[in-house]
Amino acid sequence: AAKNDASSSGTKSGGTSFTLVTPDGVGQNEFLKLAVNGVKAAAKAHNGTQKVYESTDTASQQQNVQAAVDAKPDVIVLVGFEFADIVAQQAQKNPKQQFLIVDACTTKTFKNVSCAVFREHEGVYLAGAEAGLLSKSGKVGAVDVLDTPQFRRYSDPFAAGAKKVAPKTQTATRFVGGQSPFDDSARAKEQANTLLSNGTDEIMAAAAAGNYGVFEAAKAKGAFAYGVDVNQCPSSPGTVVDNVIKRTDVAVQKGIDAVLGGKAGTTVSYGLKEGGISLTGLESGVDSSQCVIAKHKDVLTKVEALRDQIVSGELTVDDPAAS
Amino acid sequence: MFFDSDLLMSALRALTPILLAALGGALCERAGVFNIGLEGMMLLGCFTSVATSWFTGSPWLGVLAAALASAAYSLVLAVGAVTLRGDAVVLGIAMNLLAVGLTSFLLRTVFGVQGTFDDPTLAGLPLVGGFSPLAYLAWAAVAAAAVLLSRHVWGLRLRGVGEAPDAAATLGVSPARYQYGAVLVSGVLCGLAGAQLALGNVTLFSENMTAGRGWIAVVAVMLGRAAPLGVLLAALLFGLAEAAGFRLQGLGLPQQATDAAPYVVTLGALFLTTARRRRRTRPTGVAS
Amino acid sequence: MTPRQADTDVAVELRGITKRFPGTLANDAVDLTVRRGEIHALMGENGAGKSTLMSVLYGMERPDSGSIRIDGREVTFGGPGDALAAGLGMVHQSFKLFDSLTVAENVVFAAEPRRFGLVDRAAARRRVRELTEEHGLAVDPDARVGDLSVGLRQRVEILKLLHRGARTLILDEPTAVLTPAEADALFAVLKSLAGQGRTVILVTHKLREVLEGSDRVTVLRDGRVVARLRTADTSADEIAAAMTGRAVELDRIHAPGTPGDVVLDVAGLAGDAVHDVDLTVRAGEIVGIAGVAGNGQSELIEALAGLRPVRGGRVRLKGEDITHASATERRARGLAYVPEDRHAVGTAPAATVADNLAMGHHRTALATRRGLLPPTAVRAHAARLIERFGIKASTPQVPASALSGGNLQKLLIGRELAHEAPLLLVEQPTRGVDIGAIQNIHDQLIAYRDAGHAVLLVSAELSEIRGLADRVLVMYEGRITAAYPKGEADERTLGLAMAGAAVPVEAGE
Amino acid sequence: MNRITGALRSPVVFSVLAGVVIGALFLLGTGADPVTAYGAVLTGSLGTDGIGSTLSTGTSVLGLALALAIPLRAGLINLGGDGQMVLGGMAAAVTGLYVPLPAPLATVAAVLAGMAAGAGYAALAALCENHLGVPLLVSSLLLSYPAVSFASYLARYPLKEPGSSLPQTRQLPEGVALPAFGDSTVTAGLVLVALAAAAYWFADRRTAIGYEIRMTGLNARFSAYAGVERRGLTLRLLAVSGALAGLVGAVGVLSFPYRFLDGALTAPGYTWTGLTAALLAGAAPVGTVVASFFFAVLQVGGLSMERTTEVPRELTQVLQAVVIVFLAARLRFPARWFNRQKEAV
Ligand SMILES: Nc1ncnc2c1ncn2[C@@H]1O[C@H](COP(=O)(O)OP(=O)(O)OP(=O)(O)O)[C@@H](O)[C@H]1O
Ligand SMILES: Nc1ncnc2c1ncn2[C@@H]1O[C@H](COP(=O)(O)OP(=O)(O)OP(=O)(O)O)[C@@H](O)[C@H]1O
Ligand SMILES: [Mg+2]
Ligand SMILES: [Mg+2]
C-alpha cells in the first residue's frame, strides 16, 4: 500500500519527494519498518513527500523500481541486496535519477547511486561475546532464516564473539528453511529446540518472524536469546538478553541528506563506530529496555571494551558475506 | 543420541496440526470432494484463535472460534464445488490465496500491526505431558474418524456418497448433504489445526504462518489413501523425517538437503508401498 | 398364463404424465395402470420414453404435469427417498452399487440395522441371509460387490429393495447384461415375488421374456402409449408391430456365408482367464462364441485386440504374427473391434458425434501424411457414416451422450465397420438395443461378412448367435469346449455345453 | 439478441462482474474509492507504463499455464511445475555461464538446455506413474521439492557468485541473453511462449495427436481401446509440459538480471497462477491464453493499484481470490432474468 503522507507544511508541488522500495512485505522485517520510519523522517525534515512501494518477489521488485523511476522522485531509496542488479541497470538508463541503496551496493560505481552498508557482524560479534560470558553450559548457537551469506552474518560472528571471550565455547547454527522460511515461527521454535536439547543456553535469533518462536523455545527451557534490528526484549522479558540494533532509519535519513546535499555517488559503511550498528545494552535506554543484559553490568563493561577495540580498529571482525 | 525422546516429541509437535488438517482432507476425499484448501482454512484458524484468545483471555474460546470460523470459511468450497459444481482444485487454490490476504488485512485492522502479532500476555494452550490438549484430541480424532468411517452409519453413507453419488441418491441419501458435512467437518478440523499451531506450537500469529503445512496435509491424504490410520502414518513419517532433518543440520548437512528430506522420504515410502501393492494385484488392460 | 388372483387391486396408477426435455417430448400424457401382484412389461423402441416414465414414478424426475397414485393414494415425490418410503423400489439399467462395499453393506445402505449409532454388521449379515433364503437369491453377504458377476450384482440390487420392504419393484432392462441362465433365474425370482403379492414393472426389449414372464404389456412409442395388451392374448408380432409401427421379421436365421482364406489363426493362446485357446476365422465367415458371462470371452477378445497381455501361444492375422503386437499395430494390420461396454470403452460420451466417429480413422483415412487432421475431413467423414448407418443425430456436433442407446450402438458399429478391416471382433452388438435397431445391426454384420470379411462374434443372446454365426464355439472356464456348424447349434445343445456339459452346475449360478 | 444474452449469461462475465462488485464493497468498506482503484488496476496494467510488465509477467504465467494445460487436456495433472521450472532455469544458467560458444549460440543452447532439463525431470514423474504406479499428481508434486532444494544448493555453494550476499550465480556473459523489445522487460521469451501457444492451438484443433490427447482426456479407456498408447502419451505429454516449464525458467534466467537467483523463479507463484488459468479454461488453448492474460493484468494492475491508491496491499490478494472463486464456481445469471427481458421485448 502506498503511504503518501504529505509532510506537515504539505506543499506537494515543488517539495522534495522520496520513494522507498522494499524487497519484501514490510510487515515481516523490523529493519524494513525502520527504513520506512527513516524515509518518513526525511520527508518531514526536507519538507517533502514520500511513498513506500512494497514488493513481494523479484517480479514485483522490478515493477516497483520501474514505477518509481517513472515517477521521478528526488531520491529513490532501496533496501536490500536484491536491488543491486536492478539499480545498476536503471542508474545507467536514468543518469539524472538519484538512487540510494541501503544494505548493498552496485559492483560498478555510478555517480547517481549512493550506498549505505552495514557491518552487522560487528554487533553480532559483541552479542556473541555477551553470550560467551553468560553461558553456563559453554554452548551457544544461532537460528537463521536460510543458509545464505546475508544470514550467516548473524551466526558466524556470534560464534566468533563467544569464542573470543570463552575459547572453549561450542557453537552451532540451525536454519529455519522449509516452504516459507521467513514466516515459520513454529519451525524456528523446533530448530531452537534442537539446539536447546543439546544444552545450548544462549541463542542468537535471526529468523525474521520466527524470532518469536525462538524466544518461546528459550523461555520454556529457561535459556536466553538475542534479538535483531530493534529492541525485541519486551516481547519476551527475562529471556531476550540483548539485541543487535541496525539503524536503517539513520542510514536512510543520512543517505538522503547526503544526496540532497550534493554528495551523491558515495558509499557509507555503518558499523559500531558510526553508530549504525549497536546493541541495546550499549545504548542509553538500557535500564528501561526490559533486556536481561541490564542486570549484567559486568558483562556490559567487558563488551564495551571489545566495542572500543573494534571501533579503534584494533580488533577486526570477519564478514561472512565478504567471502 | 540421535533418536531420542526429544526427537519423537519434536516429530509429534510438528505432526499435530498436519494430522488434524489431513483428517479433514481425508473425510472430504472419502466424500468425493478434493479439498486442496486446507492451508487457507488452517491459516484462518490461526488468526481467529489468536484474536479471540487475545480479546477474551481464554485460549479455549480461541479454539472454539477458530473451529467455527474455518467451518464457515469451508462453505466457500462446499457451495462452490458441491452445489455449483465448480472446480474444487481452483476453489481450493483461491481459498488459500484469500486466506493469506484476509488474515494479513485483519492483522492490520484488528491489531494495527504488520507481519507478526506477539505479546507475552497472549494466552496459549496449556501443556499436558508436554503436549497441548489438542494434540490428544488429534489422536482421538484419528480413532474417531477410523470408527466413523468403518463402522458408523454416517461413515458408511459418506463412503457410499464418495464412491457412487448417484447410487446413494437413488437410495434417498443426498450426496450434497454428506459432502457439505464432510467439508464443514474438515473446516472444523482445520480450524483446530490452526489453533494448535498458533496457540499450541507457538503463541503468536504471523502472516502466512502455516507455511505449507496445509499442503503437506494434502500430500498425507494422498499418501494415506484417505484412511485415518494411513493418514496418521503418512503424517508421522513426515514429522519424523522433518525432525530428523533438523538433527541432520546439526551433523553438517546443508539446509537444502534437510528441507528436501521429508519429501524424499515420503516419495521413497510411496515407491515401496505401491511396489508391494503392485506385486499383489496386477493391472489389466482396459479394465484397469 | 392366467391373471393372478389379486389383480383387481391397483398398485400403481399414473395419469396424464407429461415430461419434456429441451427439444424432446419424452412422455406425452401417459396413463399407466399396474395391478398388485402382476408382472407388467413396459416396452418400446430406444428413446420411446420408458426410462423417463420410470424416473418420474421413482421421484428422480418431476413430471411437467400428471399425477401418481400408489395404493390408491395420490403422492408427490421429492426424490427417490420418498418413493422408497411409499414402497417403491427400482433396479436401474446401470446398477447403482458401491463396488468397494460388501454385499451386506450395499443391501442395508441407508436403512442400516444399528447399535449405538454403529452399523450392526452381524444383523446386516443375518438380514441378507434371511432374505436370500426366503427368496432363493443366494449370494455371499461378505463378498465385495466389485468382485461379483453381473448376475449376482443384480441380486444385490433386488435384495436392497426387499430389505426396504418394497412392494412394487421397477426393473429397467434387467436382462440386458444377463446370460440366458441368469435371466431365467431372475424370472423365477420375479414370479415368486409376484406370487407373494408384490408388483413388478419390467422395462425390456426382449419379446421372449415378455411373452414368457409377464402378465400384461404396455407399449410406448414416441412418448405416447400405443398399446395395452394382456400377454395371454397377444403375440410377439403384435407387440413388435405396436412398438415400431410396422411389421418386423423376428429371430431370422440368416443364410450361411461362403468361407474363404483363414484370416485369424489362434493357437494355444493363454492369458488372463484364457487357457490354451485354438480357433480360426475365415474370410466371409462369422464365428460366434457362446458362453456364460465370466468364462473368459471378454478376456479372449481383449487379448486379441491387444488390450491384455498374452502369456502363451500365438496369434496370426492374415498370416502375420501379431501375438505381442500393440493395439495400434493390430488395428494397422487390419483389425476392428466393437467392445461390449459402449459408454465406458467404445465411445467418449462427452465428445461430439463427429469426434467419436473419427476414432481409429484419425491416423489413417482422415489424416494427411504429416499427421494433420483437418476438421473438414472429420466432419465429412461423420456426415458419411451418419447417412450410411442411419444414425439419428441432429448434427455431428452434438455430444454422443445425447444419442439414445440404440443410436450410440449404431455409431460404434458403423465406425468399426467403416474400417473395412479384414477381421472384426464384436461383443454384445445388440445389448439394450430395440428390435428395430437389432435388425439393422444384424443386416450390417451379414453384409460385412458377405463382402468377404471375417467376423468373430461374442454374444450372450443365443438367438443372435444362432441367427448370425456360421460356426458356433462354446467357451467354458477359459477354454473352447465345443464347436458346432450352423444348424446343429440349437438352444438346448448350446445351453448344455455352456454349462460345462457333464460338469455339475453350481446352485443358482 | 440471443448471442448477447448468451455472452452476458456466460459464467466468465458473471464471475468477473461479481468479483468486481464484491471487491468494490470491500474497497468502500476500507474507505477507498472503487472507481479510482479499478482505474489504477487498468491503467497500471494496460497503460503505457504497465503493459510491458503485464506482458513479461504474462510470459511466465502463460508459459506455465500451457505447461499445465497440455497434459491436463489428456486428464493428467502435473503439479511439479516449480521443480521443472527451477531446474530449467539452473540448466540455462550453467549452460550460459560455461558453454564455450559465441553469445547468440550460447543463448540458444541455454534455452534448449533449460527445456531439456525441465522435460527430463517431468518425464521422471511420468515414469513414476507408468512404471511404479505412483499417481502423477503425487509424484510430480513430491519430486518438485527436492528439485527446488537442489537448485538452491547449487546457487548457494558450488555455483555461487563469490562475494555476493545472495545465493545467486554469476551474471551470464555479456550478450548471453534473450533480446528485449526496446528498453522494456519484454523479451523474445514472449515470442517463444506465444509460439508454443499457437502450436498448442494448432495441434489441438488440427492434428491427429491433438485429437488423441483430447479423446484421452474425455475418456482414457476409449482412447486406449482405439490403440492410443497411454504410457507413451503420458511420457510425451509430461516431457512437453516440463520443457515448457523449463523454458519459463530459462527465460527467467536469460532476462534481467541474467543470472540464477535462488527463489526468484518460484516466489511469484506462477505455477499456481498458471494451473488456475489452465483449469479455468478447461485446458482449451484459446481459453488458457485469455485466462493467463487476465491473471497477468490482475497481478500487475493490483500492484499498481497498491502504489497509486490508499488501498491496503492485502486487498489486492483478496480481490484476485474473490474473482477466482467466482470463476471456479461458474456462477451465472439465472436464466429467468433474461427470459423475463425477452418477454418484455
Ligand atoms: N435428461 C435428459 N435430457 C434430455 N433428453 C432426455 C433426457 N433423458 C431422456 N431424454 C430424451 O427423452 C427421450 C426418452 O428417453 P428414455 O430414456 O425415456 O427412453 P427409453 O425408452 O428408456 O430408451 P431406451 O430403450 O434406449 O432405454 C429420448 O429422446 C431421450 O433422448
Ligand atoms: N442429458 C441428456 N441429454 C440428452 N439425452 C439424454 C440425456 N441423458 C440421457 N439421455 C438419453 O436418454 C436415453 C435413456 O438413457 P438411459 O440412461 O436409459 O440409457 P440408454 O440409452 O437406455 O442406454 P443403454 O440402453 O445403452 O444402456 C438415452 O437415449 C440417453 O442417451
Ligand atoms: Mg432406458
Ligand atoms: Mg436403453
Side-chain angles (χ1 to χ4, degrees), chain A residues 1 24-30 32-33 36 54 141 143-148 151 172-198 200 208-217 219-220 232-240 290, chain B residues 1 4-7 9-11 13-14 16-17 39 43 46 100 104 107-108 113-120 122 124 127 130 196-198 200-216 239 242-243 245-250 252 254-262:
Chain A
D24 301 299
V26 168
Q28 290 158 353
N29 283 302
E30 295 298 336
L32 292 180
K33 290 183 191 167
V36 173
E54 290 182 49
V143 176
D144 292 353
V145 172
L146 285 170
D147 181 6
T148 63
F151 285 105
T173 305
R174 293 287 190 277
F175 304 94
V176 177
Q179 295 310 304
S180 197
F182 287 84
D183 313 316
D184 203 336
S185 41
R187 212 175 144 97
K189 188 174 176 180
E190 286 302 333
Q191 296 285 19
N193 274 326
T194 64
L195 289 175
L196 292 165
S197 70
N198 283 343
T200 303
N211 269 15
Y212 303 96
V214 176
F215 299 159
E216 283 186 13
K219 185 173 188 168
Q232 298 192 303
C233 298
S235 80
S236 198
T239 298
V240 183
Q290 302 187 353
Chain B
M1 267 313 283
D4 52 11
S5 64
D6 277 341
L7 177 92
M9 296 281 274
S10 164
R13 278 191 302 264
T16 306
E39 173 98 359
L43 186 59
C46 291
V100 175
S104 305
L107 181 67
R108 180 188 286 206
V113 299
Q114 271 182 284
T116 303
F117 173 75
D118 166 75
D119 193 290
L122 175 65
L127 293 189
Q196 163 64 27
L197 188 63
N201 288 35
V202 291
T203 313
L204 55 88
F205 176 83
S206 59
E207 288 176 12
N208 195 26
M209 70 183 291
T210 44
R213 286 179 181 77
W215 287 102
I216 293 170
E242 189 166 283
F246 292 171
R247 300 293 159 108
L248 289 174
Q249 270 194 20
Q255 168 228 326
Q256 288 84 2
T258 61
D259 273 4

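Letters A, B, ... are given to chains in the order of the sequence lines, protein chains preceding strands, and every chain is numbered from 1.
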With chain A, which of B/Met9, B/Arg213, B/Met209 has the greatest number of heavy-atom pairs at distances under 4.5 Å?
-> B/Arg213
Indicate yes or no for a side-chain donor-acceptor contact from B/Glu207 to the backbone of B/Gly115 under 3.5 Å, with no hydrogens or angles considered.
-> yes
Highest number of heavy-atom pairs under 4.5 Å with chain B: which of A/Ser197, A/Ala209, A/Ser235?
-> A/Ser235
B/Ser10 versus chain A, heavy atoms under 4.5 Å apart: side chain, backbone, both or neither?
-> both
For A/Ala186, is it the side chain, the backbone, both or neither that has a heavy atom under 4.5 Å from a heavy atom of chain B?
-> both
Side chain, backbone, both or neither: which part of A/Asn193 has a non-hydrogen atom closer than 4.5 Å to chain B?
-> side chain
Between A/Glu54 and A/Gly25, is there a donor-acceptor pair closer than 3.5 Å when you use the side chain of the first and the backbone of the second?
-> no
In terms of side-chain geometry, is the basic nitrogen of B/Asp6 or B/Arg247 positioned less than 4.0 Å from the acidic oxygen of its partner?
-> no
Interface residue of largest heavy-atom contact number with chain B, from A/Gly141, A/Gly213, A/Gly177, A/Gly210, under 4.5 Å = A/Gly177
Contact class of A/Leu146 relative to chain B, heavy atoms under 4.5 angstrom | both
Contacting region of B/Asn201 [heavy-atom separation from chain A under 4.5 Å] | both
Salt bridge flag under 4.0 Å for residues A/Lys33 and A/Glu30 = yes
Check whether B/Thr203 gets within reach of chain A through its side chain, its backbone, both or neither, counting any heavy atom under 4.5 Å.
-> both
For chain B, find which of A/Ser180, A/Pro181, A/Pro234 contributes the most heavy-atom pairs closer than 4.5 angstrom.
-> A/Ser180
Please determine, among A/Ala220, A/Ser185, A/Ala172, the option with the most heavy-atom pairs under 4.5 Å with chain B.
-> A/Ser185
Is the side chain of B/Gln249 donor-acceptor paired with the backbone N or O of A/Phe175 at a distance under 3.5 Å, no angle test?
-> yes
In this structure, NZ of A/Lys219 is separated from NZ of A/Lys189 (nearest 0.5 Å) by 11.0 Å
Any side-chain heavy-atom pair from A/Tyr212 and B/Val202 closer than 4.5 angstrom?
-> no
Quick one: are B/Asn208 and B/Glu39 in side-chain contact, heavy atoms under 4.5 Å?
-> yes
Go through B/Thr258, B/Asp119, B/Asp118 and name the one with the most non-hydrogen pairs under 4.5 angstrom from chain A.
-> B/Asp118
Relative to chain A, which of B/Pro120, B/Pro262, B/Pro254 shows the most heavy atom pairs under 4.5 Å?
-> B/Pro120
Can you find a pair of side-chain heavy atoms, one from B/Leu204 and one from A/Glu216, that are under 4.5 Å apart?
-> yes
In terms of heavy-atom proximity below 4.5 Å to chain B, should A/Pro237 be classed as side chain, backbone, both, or neither?
-> side chain
